[in-house]
Amino acid sequence: MPVPKRKRSHSRKYKRNANKGWHPMAITGCKNCQSPLATHVACKECGYYKGVKVLETKTDRLLKRGKAQQSKATRTAARKPAMDASAESEQ
């Protein structure tokens with residue numbers, strides 16, 4: 001098995017490891033809602049990336065679900081009186 005011929009000096013070792021450190025992330029603001037976010041990342045608050053809607057956010061899903069429930073309620077309410085009238089005519 002190969003073995004190093006000489007010991008690697010402390011200065012060589014530390015020079016090699018000097019570039020392995022963490023670099024701070026750049027933080028920018030969303031162009032749509034001005035919330036802080038990392039660069040090259042879609043905004044989690046509004047779902048926009050470079051001015052284009054790319055994500056469906058939690059509030060979007062809640063609004064969509066509310067509209068679906070409301071339309072379902074109106075359909076059942078419209079159907080219910082018709083059903084009651086047909087039941088009365090049978091009696």
Side-chain angles (χ1 to χ4, degrees):
M1 188 164 147
V3 178
K5 192 164 192 169
R6 285 191 169 65
K7 179 181 176 182
R8 194 166 290 232
S9 69
H10 291 284
S11 63
R12 269 186 184 249
K13 179 172 57 174
Y14 295 143
K15 281 181 189 176
R16 186 181 70 246
N17 292 333
N19 296 315
K20 294 183 181 176
W22 289 91
H23 300 288
M25 288 181 62
I27 296 177
T28 62
C30 176
K31 292 181 181 180
N32 193 40
C33 67
Q34 286 74 37
S35 65
L37 67 139
T39 56
H40 306 289
V41 174
C43 181
K44 292 180 182 175
E45 301 295 323
C46 63
Y48 278 80
Y49 179 69
K50 291 186 178 181
V52 179
K53 182 84 169 178
V54 292
L55 293 177
E56 187 176 344
T57 60
K58 196 174 200 176
T59 53
D60 294 337
R61 289 191 301 270
L62 287 173
L63 290 172
K64 192 175 181 180
R65 191 176 304 134
K67 287 180 183 176
Q69 288 175 350
Q70 187 178 15
S71 65
K72 184 178 178 181
T74 55
R75 278 186 272 136
T76 55
R79 211 176 331 149
K80 192 171 185 174
M83 294 175 106
D84 291 339
S86 64
E88 289 175 2
S89 64
E90 289 177 4
Q91 291 177 358

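Positions are given from 1, in the same order as the sequence printed here. What you are looking at is a predicted structure, and each value in this text was computed from that prediction instead of being measured.
In this structure, Arg8 places its CZ atom where only 12 or fewer heavy-atom neighbours from other residues, nucleotides or ligands lie under 6.0 Å away. Few gaps surround NZ on Lys53; more than 12 heavy atoms of other groups in view lie less than 6.0 Å from it. In this structure, Gln70 places its CD atom where only 12 or fewer heavy-atom neighbours from other residues, nucleotides or ligands lie under 6.0 Å away.
The NZ atom of Lys15 sits 7.5 Å away from the OG atom of Ser9 when rounded to the nearest 0.5 Å. The line from CG of Leu37 to OH of Tyr49 is 9.5 Å long, rounded to the nearest 0.5 Å. Note: Cys43 SG to Gln34 CD = 9.5 Å, rounded to the nearest 0.5 Å. A distance of 9.0 Å separates OG1 of Thr59 from CD of Glu45, quoted to the nearest 0.5 Å.
Grouping the Ile, Leu, Val, Met, Phe, Trp and Tyr side chains by contacts below 4.5 angstrom, directly or via other members, places Val41 apart from Val54.
Remark: the backbone N or O of Thr57 is paired with a side-chain donor or acceptor of Asp60 at under 3.5 angstrom.
Taking each heavy atom of Cys30 and Cys33 in turn, the nearest pair found is SG-N, 3.5 Å.
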